[in-house]
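Right, one structure below, let's go through it.
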Amino acid sequence: MMVGRVTGNVVSTNKIEKLTGARMLIVEPVSLETIEPTGDYIVCVDDVGAGEGDLVFCAYGSSSRQSDTSKLLATDYTIFGIVDSLTLRGVRTYDKAKEAAHAAG
């Protein structure tokens, strides 16, 4: 799995039929230690209703097609969850509630 931040979305009027209705988001992978971007972008099928700014975890390769929604889609990346917190080696590196409180003011 990969963790990244949703930075935008993709709109495509011409696509294969099986992608019709699929929501596609641009995700920028992040370092788990710093939550800083790694410099790449990927397009993921959204399976959980994520929004811009959310930190998400994504499955890729054949694992990305293991949910009820994605099993019939031509996708290499699928968002499987929105991250609430990350703890790495006993250190909390991300906390959604604290980030939201900081952004609010």
Side-chain angles (χ1 to χ4, degrees):
M1 294 226 177
M2 181 270 303
V3 174
R5 190 167 303 272
V6 177
T7 58
N9 62 36
V10 175
V11 176
S12 173
T13 54
N14 294 317
K15 58 187 163 275
I16 64 170
E17 185 177 334
K18 288 189 179 191
L19 283 177
T20 299
R23 189 160 176 248
M24 295 178 286
L25 299 177
I26 299 168
V27 175
E28 187 174 17
V30 299
S31 162
L32 293 178
E33 293 178 346
T34 64
I35 312 304
E36 292 297 319
T38 62
D40 284 335
Y41 294 93
I42 56 172
V43 176
C44 299
V45 169
D46 179 26
D47 216 11
V48 296
E52 191 162 344
D54 281 340
L55 198 64
V56 297
F57 60 91
C58 310
Y60 52 91
S62 62
S63 295
S64 70
R65 295 178 296 279
Q66 297 301 312
S67 74
D68 288 341
T69 304
S70 64
K71 66 183 171 188
L72 299 176
L73 297 179
T75 180
D76 278 335
Y77 289 91
T78 300
I79 297 171
F80 277 10
I82 300 170
V83 177
D84 293 319
S85 66
L86 286 173
T87 303
L88 184 65
R89 293 184 215 99
V91 176
R92 177 76 45 105
T93 61
Y94 174 77
D95 189 310
K96 183 177 182 176
K98 286 183 181 178
E99 184 178 79
H102 179 70

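These numbers come from a predicted model, not from an experiment.
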* Derivation and outcome, salt bridge (Lys or Arg N to Asp or Glu O under 4.0 Å), residues E52 and R5 -> CA-CA 8 Å; E52 191 162 344; R5 190 167 303 272; over 6 Å; no

Which heavy-atom pair separates [X] from [Y] by the least distance, and what is that distance?
X   : Y   : answer
E99 : G53 : OE1-O, 4.5 Å
A50 : R23 : O-NH1, 2.7 Å
D84 : Y94 : O-CE2, 3.9 Å
I82 : F57 : N-CE2, 4.4 Å

* Would V30 and L55 satisfy side-chain contact (heavy atoms from CB on, under 4.5 Å), going step by step from the backbone distance to the final call? -> CA-CA 9 Å; V30 299; L55 198 64; 4.0 Å; yes

* State yes or no: do V91 and L32 share one hydrophobic cluster built from I, L, V, M, F, W and Y residues joined by side-chain heavy-atom distances below 4.5 Å, directly or via other members? => no

* Transitive ILVMFWY side-chain link V11 to V45, under 4.5 Å -> no

* Drop me the distance from L88's CG to T93's OG1, to the nearest 0.5 angstrom. => 6.0 Å

Looking at [Y], is its backbone amide N or carbonyl O close enough to the side chain of [X] to form a donor-acceptor pair, meaning the two atoms are under 3.5 Å apart?
X   : Y   : value
T38 : P29 : yes
K98 : D95 : no
D54 : V56 : no

* Residues E28, V6; criterion side-chain contact (heavy atoms from CB on, under 4.5 Å); working and verdict -> CA-CA 6 Å; E28 187 174 17; V6 177; over 6 Å; no

* **Criterion side-chain contact (heavy atoms from CB on, under 4.5 Å) on L25 and V10, from CA distance to verdict** => CA-CA 6 Å; L25 299 177; V10 175; over 6 Å; no

* To do: List the steps, then state whether side-chain contact (heavy atoms from CB on, under 4.5 Å) holds for I42 with C44.
  => CA-CA 6 Å; I42 56 172; C44 299; 3.7 Å; yes

* To do: Answer yes or no: is there a side-chain heavy-atom contact under 4.5 Å between S85 and R92?
  => yes

* To do: With the side chain counted from C-beta on, respond yes when V27 and I79 share a heavy-atom pair under 4.5 Å apart, and no when they do not.
  => yes

